[in-house]
Colleague: 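Here it is: the structure, laid out below.
These figures come from a predicted structure and were not determined experimentally. For the numbers below, each heavy atom of this structure counts, side chains included, while hydrogens, waters and symmetry mates do not.
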Amino acid sequence: MKIYNTLTRKKEEFVPLEPGKVNIYLCGPTAYNYFHIGNARTFLFFDIVRNYFKYRGFQVTYVQNITDVDDKLIDQSIKEKIPVSDIAEKYINAFFEDTNSLGIPKADYYPHATKYIEEMVRLIKELEEKGYAYEVNGDVYFSINADKKYGILSGKKIEDLKAGARVEKNIQKKHPGDFTLWKRSKPGEPKWQSPWGEGRPGWHTECVVMSRKLLGETFDIHGGGIDLIFPHHENEIAQAQASTGSIHARYWMHGGYLNISGEKMSKSLDNFFLTRDVLKKYDAEAIRFFFLSKHYRSSIDYNEDLIKESSQAMKNLYSILKELDYLKYEDEDISYAETHQKLKDQFIEAMDDDFNTAKAISVLFEIAKITRSSNDMNFAHLLVELGQVLGFFTNLEEKLETDLNQISEELIQLLINYRQLFKKEQNWRMADKIRNDLKSLGIQLKDTPAGTEWEIVK
RNA sequence: GGCGACAUCGCCAAGUGGUAAGGCAAGGGUCUGCAAAAUCCUUAUCCCCGGUUCGAAUCCGGGUGUCGCCUCCA
């Protein structure tokens, strides 16, 4: 199994720290707003990573953190005029609603930053003692010049950072690239006690502390969006490795952007779409298909026409299962012959190659084509088995049955409407025939002052 | 100013040295009272120029275009 590692900038054979086990840490949401569809892409992709490892027989521990204290939450609390803790609660709940709507199963752990303040203070203190951090007026900074390996992930040189166009001016810092570990709190802001006075932690420390606690000092995979490479993950590695001297995460995976009209989605351009709004218009599975049809490291242009096309593609897959009455056969004994196994291997080969979901999907369609021409339930089963690895077909019963139920209701209503027309024309023979025929199917019509109602009388 | 990514059929997209997957759309045939569905068939030499090689979409150099990072960001 090969994974592209941002740290080395190449695909590497994945070797877990412990055979048969894989520990994954994904950077989750900052709970200050509903998350946008670009976030959804990342969350959805890492769900597939977790899923695929499980499919390949690994025992997976999957952690996704939640940042519930930070400048943005404070800003939002002022905007909405409710306490920071209420902002966090509101958007954490929204996060779970939206990931659930996207069909993403729960992670094993969702550590909250505010639950780990003590550990963070301890780490910052340690860094200060080791000479990696310094305090100025109640703020504590990490000194990037003290860290010989700084820049290891993003490939940046400390000298180049100086020349950067957007380097913030902060006369307190020894180097403009030094980043905040502890921030003194202003009146009214959330605060905790520390050796440097009342304040709150900086952004990157939480991930060090929480991953260490839940996954160990060194763990297998750390994931996030490409925009987190610098500064977040760079700074995270810096303090983790300065503290322990050992490797923090062994494989760093970063998902590409979701763009709008070729440009990055961002709040300043006001060109972002909230996941919950997109979900109102399009099926979660269509959105999933749309994302997975391109490799995770490439950027994707948000395009609703393409989501509609994806929806059509999914419908075509479902139509095969419907025609074969898949649910009736689900419990049948399934045996894969050589041709089945060969396609399964193709799928695995694609996924083994740095999660090539686009290619994996093409295997799905190949299986679909053969399923249709052969009516072989083993192929149908294979289609479902592999599709489920990508998070498709997870609600088969609902998907295949509700549609039918809904259509049945519509059909009954249609007949009622025709009977109404016949009644108007005083064509009692046809009107009664419809009523009697429906009754023989177990559907009793009842003409009430409010219109015709029906019930199942079987 | 420094660093980096990408450019493949109408649209989306896989392919990283051996002769262009797949999806959506489109056109044609079969089927059909008509239609739908199904099914079969059809559609690219890979941004441009030069080089390496028996052989390049794939490697190298140059050009053009698009985008990203350089401390808010999944």
Colleague: Should the side chain of E309(A) and the base of rG23(B) be counted as holding a donor-acceptor pair, with the cut-off at 3.5 Å?
Modeller: yes
Colleague: Would you tell me if any nitrogen or oxygen in the side chain of K156(A) comes within less than 4.0 Å of OP1 or OP2 on rC3(B)?
Modeller: no
Colleague: May I ask which nucleotide in the shown strands pairs with rA44(B), Watson-Crick or G-U wobble, both distances under 3.5 Å?
Modeller: none
Colleague: Name every residue in residues 352-361 of chain A that has at least one heavy atom under 4.0 Å from any atom of RNA chain B, in order of residue number, or write none if there are no such residues.
Modeller: N356(A), A358(A), K359(A)
Colleague: List the atom of K191(A), the atom of S185(A), and the distance in Å for their closest heavy-atom pair.
Modeller: CB-OG, 3.3 Å
Colleague: Counting just side-chain N and O atoms, does Y257(A) come under 4.0 Å of either OP1 or OP2 of rC73(B)?
Modeller: no
Colleague: Could you please name the partner base of rG33(B), counting Watson-Crick and G-U wobble pairs only when both distances are under 3.5 Å?
Modeller: none
Colleague: Could you check which nucleotide pairs with rU53(B) in any of the strands shown, counting Watson-Crick or G-U wobble with both distances under 3.5 Å?
Modeller: none
Colleague: Compare every heavy atom of D70(A) with every heavy atom of R200(A), then report the nearest pair and how far apart it is.
Modeller: NH1-C, 4.4 Å
Colleague: Here's a test for you: under side chain to side chain donor-acceptor pair (under 3.5 Å), which of R297(A), H254(A), H222(A) qualifies with T6(A)?
Modeller: H254(A)
Colleague: Can you tell me the base-pairing partner of rC67(B)? Count Watson-Crick or G-U wobble geometry only, both distances below 3.5 Å, and say none if there is no partner.
Modeller: rG4(B)
Colleague: Would you list the protein and nucleotides 35-40 of chain B atom pairs, both N or O, that sit under 3.5 Å from each other?
Modeller:
unit_1  : atom_1 : unit_2  : atom_2 : d
rU39(B) : OP1    : R372(A) : NE     : 2.8

Colleague: Between F14(A) and Y251(A), how do the two ring planes meet: parallel, tilted or perpendicular, split at 30° and 60°?
Modeller: tilted
Colleague: Using a 4.0 Å heavy-atom cut-off, does K72(A) contact any base of the nucleic acid, only the sugar-phosphate backbone, or nothing at all?
Modeller: sugar-phosphate
Colleague: How do K11(A) and E366(A) order along RNA chain B: which one's closest nucleotide is nearer the 5' end?
Modeller: K11(A)
Colleague: Tell whether K264(A) reaches the base of rC73(B) with its side chain through a donor-acceptor pair below 3.5 angstrom.
Modeller: yes
